[in-house]
Protein chains: 2
Amino acid sequence: MHSQGNVDNTTGSNWDALLGQMPLPAFGVPMPASFHPAGSEIFSPGSDANCFYVVKFGCVRVYRLLADGRRQISAFHLPGEVFGFEADSRHHFFAEAVGATSTLSMRVSATADLSATLLPLALRGLVRAQEHLLVLGRQNAPERVAAFLLDMFERQGGLERFELPMSRTDIADYLGLSLETVSRVFTRLRGQGIMRLVSLRTVEIVKMQALSVMCE
Amino acid sequence: MHSQGNVDNTTGSNWDALLGQMPLPAFGVPMPASFHPAGSEIFSPGSDANCFYVVKFGCVRVYRLLADGRRQISAFHLPGEVFGFEADSRHHFFAEAVGATSTLSMRVSATADLSATLLPLALRGLVRAQEHLLVLGRQNAPERVAAFLLDMFERQGGLERFELPMSRTDIADYLGLSLETVSRVFTRLRGQGIMRLVSLRTVEIVKMQALSVMCE
DNA sequence: CGCGACGTTGAGGTCCATCAATAAGCGTGG
DNA sequence: CCACGCTTATTGATGGACCTCAACGTCGCG
């Protein structure tokens, strides 16, 4: 599919503001922005990992598959976040646009500056992955969903109402649950008055404290 | 406990050989080797993360706890491996010696060289953590144990007979299982002729192919 | 030899996956 | 605007994988 067209700059995005927060120039050689339709592939295992990406708008899922199709999403990436760096010159994962998404890609130039810029990002990703290991290894379904909601809440600026860009299936594959279990936990949390669903994909946290306590 | 005594150099370790493989001088300022008795703490959350560590001999577990004591081990570190770098100046995890262990610690010096050396290590750690997410999120008990055995096999030089430095409880907390389930899967793998237990902590892989297939 | 830590095995219960049916959103075209 | 079909989400019923609790066995060490 046509996933590499130039970006439509008429959309009102907060990209310029994000640029100011990020040490972007040190990243490498900027390349044209790319637009990715919903569900389109950004990279896949085995492809060249010679650049990495900044989400401009939309959402990206990074995942691995087992031979029989079981999927584990290791991370969602929201606007302003960087993804796509790898341990060697080939990708080990899939990356896809969750909804309509735009990214900037940066060609890697092997300079010391680049390392110094990338290291903190890699380390933060490492800590995030390790925290996610605790969720998948030792927390039950309600705790996992609560952790996910809190994470999305914090990453979208801490407003009690926020969007879930991804489907229940995506959430399930991120949390190591079935989509039915995710749906049931949502229903339970609504019943307890902890959250509301303004729409299917719009969450409003009502009892923040209760949600936090669930994650210990 | 007395976890910071100097190392006993009379033990025959393969450290010198490992040194040759690793870009150690670029790491930072070497500090005296430390000996850690079995079970002793190496660092804990909140403590200063101003140095990182190379395992000389023994084994280290890195983990997080939930408030009620549930534990998730995010990684075991074997001789020659580096651990302890963090996203900010404080540790977010516990690190403990599994058995009698010796480490070299390196004080972090904020140079570009250091970044260039550390980045590949951080990226490899990131890929490892993301692969572990797939195991915890989407594989069942036999698959998890098989993945663990294969990993230990490969990291100990690919000899069909190797040691497990850690207890069943540690393995369980690494794989997100109960210790009983780990034990039962071991028994099952023995019954299938896939592995043998030379001793409680010495594994011999008999049907490597069958073990690999289990992980897909 | 005896004690304590570690490991194995068994019985029973629970949480969650699976299968299945219904309902709700959403775009398309009449 | 509504009808239609498709995708996504919810809800229910059932079974199974794994956890928990408990007993027993085994190893290592004083």
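Values reported hereafter were calculated over all heavy atoms of this structure, with side chains retained and with hydrogens, waters and symmetry mates removed.
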*The side chain of B/Asn140 lies closest to which of these nucleotides: D/dT10, D/dC18, C/dT18?*
D/dC18
*asked:* Would you call the rings of B/Phe35 and B/Phe57 parallel, tilted or perpendicular, taking 30° and 60° as the class edges?
replied: tilted
_Nearest whole Å is fine: how far is D/dT26 P from B/Arg168 CZ?_
15 Å
*Measure the distance from CD on B/Glu180 to P on C/dG12 and round it to the nearest whole Å.*
16 Å
*Side-chain touch B/Phe153/B/Leu211, heavy atoms, less than 4.5 angstrom*: no
*To the nearest Å, give me how far apart CD (A/Gln139) and P (C/dC16) are.*
12 Å
*Between D/dA9, C/dT9, C/dT8, which nucleotide gets closest to the side-chain atoms of B/Leu179?*
C/dT8
_Between D/dT8 (P) and A/Met166 (CE): distance, integer Å_ = 15 Å
*What about A/Arg184, does its side chain sit under 3.5 Å from the base of C/dT18 through a donor-acceptor pair?*
yes
*asked:* Can you tell me which residue among B/Arg155, B/Arg124, B/Lys56 is in a salt bridge (Lys or Arg N to Asp or Glu O under 4.0 Å) with B/Glu81?
replied: B/Arg155
_I'd like to know if the side chain of B/Thr103 pairs up with that of B/His36 as donor and acceptor (distance under 3.5 Å, no hydrogens or angles considered)._
yes
_Categorize B/Gly39 for me: base, sugar-phosphate, or nothing, with a 4.0 angstrom heavy-atom threshold over every strand shown._
nothing
*asked:* Please check: side-chain N/O of B/Arg144 versus main-chain N/O of B/Leu136, any donor-acceptor pairing under 3.5 Å?
replied: yes
_Under 4.0 Å, counting only non-hydrogen atoms across every strand here, what does B/Thr187 touch: a base, just sugar-phosphate, or nothing?_
sugar-phosphate
*Under 4.0 angstrom, heavy atoms only, what part of the nucleic acid is A/Ser167 near: base, sugar-phosphate, or nothing?*
sugar-phosphate
*Taking the side chain of A/Ser178 as heavy atoms from C-beta outward, which of D/dC19, D/dT11, C/dT18 is closest to it?*
C/dT18
*asked:* Using whole Å, what does the distance between atom P of nucleotide C/dA24 and atom CG of A/Leu197 come to?
replied: 14 Å
*asked:* What is the separation between atom CG on B/Leu177 and atom P on D/dT20, rounded to the nearest whole Å?
replied: 11 Å
_From D/dT10, C/dA11, D/dT8, nucleotide with atom closest to A/Arg201 side chain_ = D/dT8
*Tell me: CG of B/Asp170 to C1' of C/dC6, nearest whole Å?*
12 Å
*Figure out the CD/C1' separation between A/Glu143 and C/dC15, and round it to whole Å.*
12 Å
_Taking the nucleotide of DNA chain C with the nearest heavy atom to each, does B/Phe186 or A/Arg188 sit closer to the 5' end?_
B/Phe186
*When you measure from the side chain of B/Leu200, which nucleotide among C/dT18, C/dC16, C/dT8 comes out closest?*
C/dT8
*Please evaluate the base of C/dT18 for a donor-acceptor partner in the side chain of A/Arg70 within a cut-off of under 3.5 Å?*
no
